[in-house]
Amino acid sequence: MLDIQLLRKDLTNVAQRLASRGFTLDTAAIEALEAERKEIQTRTQDLQARRNQLSKQIGMAKGKGEDATALMSEVGGLSEELKLGEERLAGIQEDLAGFMMNIPNLPHASTPVGKDEKDNVEVRRVGTPREFAYEPLDHVDVGENLELLDFPTATKIASSRFALMRGSLARMHRALTQFMLDTHTLEHGYEEVYVPYLVNADSMRGTGQLPKFEEDLFKLSNGMYLIPTAEVPVTNIVRDEIIPVENMPIKLVAHTPCFRSEAGSYGRDTRGMIRQHQFDKVEMVQFVRPEDSYDALEELTGHAEAILQKLDLPYRVMALCSGDIGFSSAKTYDLEVWLPAQNTYREISSCSNFEAFQARRMQARFRDVKDGKAGKPELIHTLNGSGLAVGRTLVAILENYQNPDGSVTVPDVLRPYMGGLTQLVKE
RNA sequence: GGAGAGAUGGCUGAGUGGUCGAAAGCACCGGAUUCGAAAUCCGGCGUACGGUUUUACCGUACCAAGGGUUCGAAUCCCUUUCUCUCCGCCA
């Protein structure tokens, strides 16, 4: 959520910056709502003040045993107008809040301006794609030839967009998760957390999935939601909290499954495990002081990159343009891993700075200490990034580490997690 | 799943219709005292929103959440959520 004060002060500038991400802000509607809000709020609060004053006098009169009927009839005369005003005020506040909840974040000055993913800017490329002496197979063929990957059975059990892994491949999936968590906790200073996979609507609102993107989520019959990313439960840890400044920054990492309905993606990436209803992800989340958040974004992106580097997977870093960043983000880097069979780079991590956008929705604050005195609570900045999407990392390994004989070499860093296994072969 | 008890400021906790945004204690901050500290004393100390002559004052709202009764609700009524105790069940 944006700061309503900013909209009041600088509406045209806000509208311009939002236009750069393809969002049209209805400034006329905002101005009309605001004008109405101001008038009704002032009038209603005046009436409330009058009522409170008179009621106090009634109490005092009764306490002294005096007659209060004149006062009571005067305040009685206010009640209808007051009730009407309170209802209209509540109505307009709700309209305004609904309006605000549907406005995306402002892109940061360093976010490239552009319309869609074609305008994203490549920041750097790391690693050299391997030369194949033959046409490399995609991960589906590699996995199915080894009889370690089984989509038809997953479809029978559940539906399309689910995967079944067996044997050493299932173990590699687990090994990847352990390797990522160990790297972030032991080398990058994150605290590991285990979190609920179901969350309530308040949490979904806090991080920005609701109210706008309900159709992307799986909703349960009791009103809860399956998490689409660990970002939701982990970030909401600080919802409605005031963090002591000495605890900042807070760096958390969690491994969770993620559930996405993938509504609106019919026909896209239907082959293989690129786009699934259920996938595992290791997610990093940081809570930092506002002035530190852009340094933290670079650092966090580096932490995700470190995983790709240790796995020796070629990738590139893309700065998403204003038209392509997510609803809540001010700046996002995507990491794209090289997939030889598709002869292209595919997203494997997304690292974003949300500035105070999520914090304002969540009322997540910290109390600074200035000159030894505790200051007013201030909104924190929140960041998160995948470190990494486990399923897609597995896809990248199957494709990049495949051998002409159909086997797959196990990357060095994963071997300790797999009992020293060096190759995936038919079992 | 059954029975009962509860939810008040950073914490403990008083408050069952009227100067209650809320006693008191603790914690914290400032000052006095002191060579310094402890102790003691004095004062301050919630959040959000709005207004204005914009760092200061005024107003409104907030005692788990939502609704109701009333001139007036922390207090009475209804609904929901959560916590605790006991029983049952379960990994």
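Per chain, numbering begins at 1; letters A, B, ... match sequence-line order. All of these numbers come straight from a predicted model, not from anything done at the bench.
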Give a yes/no answer on whether the side chain of [X] brings an N or O atom under 4.0 Å of OP1 or OP2 in [N].
X      : N     : result
A/N200 : B/C82 : no
A/R8   : B/G51 : no
A/N52  : B/G59 : no
A/Q5   : B/G50 : yes
A/R37  : B/U60 : no

For the side chain of [X], starting at C-beta, report the closest nucleotide among [options].
X     : options             : answer
A/K56 : B/A61, B/A48, B/U19 : B/U19
A/S55 : B/G50, B/G18, B/G59 : B/G18
A/M60 : B/C71, B/U19, B/G50 : B/U19
A/V75 : B/C71, B/C49, B/U47 : B/C71

### Query
Looking across every strand, which nucleic acid part, if any, lies under 4.0 Å from A/I58 by heavy atom: base, sugar-phosphate, or nothing?
base
### Query
Hey, does A/R365 reach any base, or is it just sugar-phosphate, or nothing, if we go heavy atoms under 4.0 Å?
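Touches sugar-phosphate only.
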Who does [N] pair with, Watson-Crick or G-U, both distances under 3.5 Å?
N     : result
B/C89 : none
B/A73 : none
B/U12 : B/A24
B/U47 : B/A61

#### Entry: Pair of N/O donor and acceptor under 3.5 Å linking B/G50 base with A/Q41 side chain
no
Could you check how far [atom1] of [X] sits from [atom2] of [N], rounded to whole Å?
X      : N     : atom1 : atom2 : value
A/L379 : B/A48 : CG    : C1'   : 12 Å
A/E87  : B/G68 : CD    : C1'   : 13 Å
A/L47  : B/G51 : CG    : P     : 17 Å

### Message
Ring centres under 6.0 Å, that's the criterion: do A/F213 and A/F327 meet it?
### Response
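Yes, they do, as the ring centres are separated by less than 6.0 Å.
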